[in-house]
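The next block holds one structure in the form of structure tokens; read it before the comments.
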2 protein chains.
Amino acid sequence: MTKNNRPPLTQLVQRGELMSADCPSREILLHMTSRWGVLVLMVLAEGTQRFSTLRRKIGGISERMLSHTLQALEGDGILQRVSYPEVPPRVEYTLTPLGQEAAEKVSALADWIEVSVPRFLQARADRVRKP
Amino acid sequence: MTKNNRPPLTQLVQRGELMSADCPSREILLHMTSRWGVLVLMVLAEGTQRFSTLRRKIGGISERMLSHTLQALEGDGILQRVSYPEVPPRVEYTLTPLGQEAAEKVSALADWIEVSVPRFLQARADRVRKP
DNA sequence: CCCAAAACTAACATTTATGTACGTACTTAC
DNA sequence: GTAAGTACGTACATAAATGTTAGTTTTGGG
């Protein structure tokens, strides 16, 4: 089954080969395109936000998932976390330059989807008519 | 918990509101940005492909997942499936116009990630140095 | 005759993602 | 004095994604 007829890893890290199963780009893609990752990037594209603000702006996200998603993105160097030693606690999240570029691409996709929703719904309706 | 302080659904379907938990755009986004959905779109952007070709080009995908992913995208009107009654069977998958636009956006993101892999790795290395 | 090829589907097992509930520590507002 | 806000971590439970294996059907090749 696993015939491993792929280029060597040293070659992969140079540019990133998404089609290869074990390229690190796969994981980054996963984080950015995760269920909540996309939405977090979109909101952070507006500017620095704190935890509770993100939670409120992103409908349906739980605190646990927001926390996990933020940690994954921070781990990829996409955003930066800054906590202030106050009471009640305050923590702010900001996109890094790398993250800003990421957010641009993701937002472009998301915006296109939002605008195209009617076309998607229409396509679905057509398929119900004549399947 | 669920306070439901969101705009009415009738308003959502007009343009798509990704930040609202129950907007249909959420599901479309999920399909397009799914683990394999992105890669399928990228390969189909090259042109019509048959099942086995997709399977070979996308490293690590199983037949089951390819099948499921293709069905989801077909259900959204992103691609079209055409099967020829031959033996052995032949089935071809082609992007619809809607799917071609989708593939453009997704590919733009994917390409950016591939090119940016070195920067991601660098960022990770930096964080190990000074966490 | 036996096996490979194609494009799957079904059944089952496992892993991952996500949700829920609870706790924390201190402050301000009511 | 009592509740709420803040940014989580932890434990547990469930849902969803993904993988593995086996089977199908018919033709052509060795």
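Proteins come first, then strands; the chains are lettered A, B, ... in the order of their sequence lines, and each starts at number 1.
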Under 4.0 Å: is that the gap between some side-chain N or O of [X] and OP1 or OP2 of [N]?
| X | N | answer |
| --- | --- | --- |
| Ser62(B) | dT18(D) | no |
| Gln71(B) | dC8(C) | no |
| Ser67(A) | dC8(D) | no |
| Arg81(A) | dC8(D) | yes |

Atom-to-atom span, [atom1] of [X] to [atom2] of [N] - whole angstrom:
| X | N | atom1 | atom2 | result |
| --- | --- | --- | --- | --- |
| Phe51(B) | dA5(C) | CZ | C1' | 13 Å |
| Arg26(A) | dA17(D) | CZ | C1' | 15 Å |
| Glu27(B) | dA15(D) | CD | P | 18 Å |
| Leu54(A) | dC8(D) | CG | P | 10 Å |
| His68(A) | dG9(D) | NE2 | P | 7 Å |
| Arg90(A) | dC8(D) | CZ | P | 13 Å |
| Gln49(A) | dA7(D) | CD | C1' | 15 Å |
| Leu66(A) | dT6(D) | CG | C1' | 13 Å |

message: If you assign each of Trp36(B) and Pro88(B) to its closest nucleotide in DNA chain D, which residue comes earlier from the 5' end?
response: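 The residue mapped nearer the 5' terminus is Trp36(B).
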
Of all the choices, [options], which nucleotide is nearest to the side chain of [X] once you look at every atom?
| X | options | answer |
| --- | --- | --- |
| Ser52(B) | dT6(D), dA7(D), dA7(C) | dA7(C) |
| Arg50(A) | dT18(D), dA7(D), dG19(C) | dA7(D) |
| Arg35(B) | dG19(C), dC8(D), dT18(D) | dT18(D) |
| Pro89(A) | dT18(C), dT6(D), dC8(C) | dT6(D) |

Parallel, tilted or perpendicular, as decided by the 30° and 60° cut-offs, for the rings of Phe51(A) and Tyr93(A):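 The arrangement is tilted - the two ring planes meet at 30° to 60°.
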
field: ILVMFWY network linking Leu98(A) to Leu44(A), side-chain heavy atoms under 4.5 angstrom
entry: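 Cluster IDs for Leu98(A) and Leu44(A) match.
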
message: Applying a strict under-4.5 Å side-chain criterion to I, L, V, M, F, W and Y, I'd like to know whether Leu29(B) and Leu30(A) cluster together.
response: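 No, no single cluster joins them.
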
- request: Write down the atom of Ala103(B), the atom of Ala45(B), and the distance for their closest heavy-atom approach.
  value: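 Looking at all heavy atoms of both residues, the closest pair is CB-CB, 4.1 Å.
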
field: Closest heavy-atom pair and its distance - Ala102(A), Met32(A)
entry: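 Minimum heavy-atom contact is CB-CE, 3.6 Å.
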
message: Does Arg64(A) contact dT18(C) through a side-chain donor or acceptor facing the base, at a distance under 3.5 Å?
response: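 Such a pair is found, so the answer is yes.
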
query: Starting at the 5' end of DNA chain C, which residue's closest nucleotide do you reach first, Met65(A) or Glu63(B)?
result: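 Per heavy-atom nearest nucleotide, the more 5' residue is Glu63(B).
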
- prompt: Between Glu92(B) and Ser34(A), which is nearer to the 5' end of DNA chain C once each is assigned its nearest nucleotide?
  reply: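 It is Glu92(B) whose nearest nucleotide is closer to the 5' end.
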
- prompt: Short question: side chain of Ser116(B), backbone of Arg119(B) - any donor-acceptor pair under 3.5 Å?
  reply: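 The answer is no, because no donor-acceptor pair under 3.5 Å joins these two groups.
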
task: Just call it for Tyr84(A): base, sugar-phosphate, or nothing, with non-hydrogen atoms closer than 4.0 Å on any strand.
output: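 Here Tyr84(A) touches no strand at all.
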
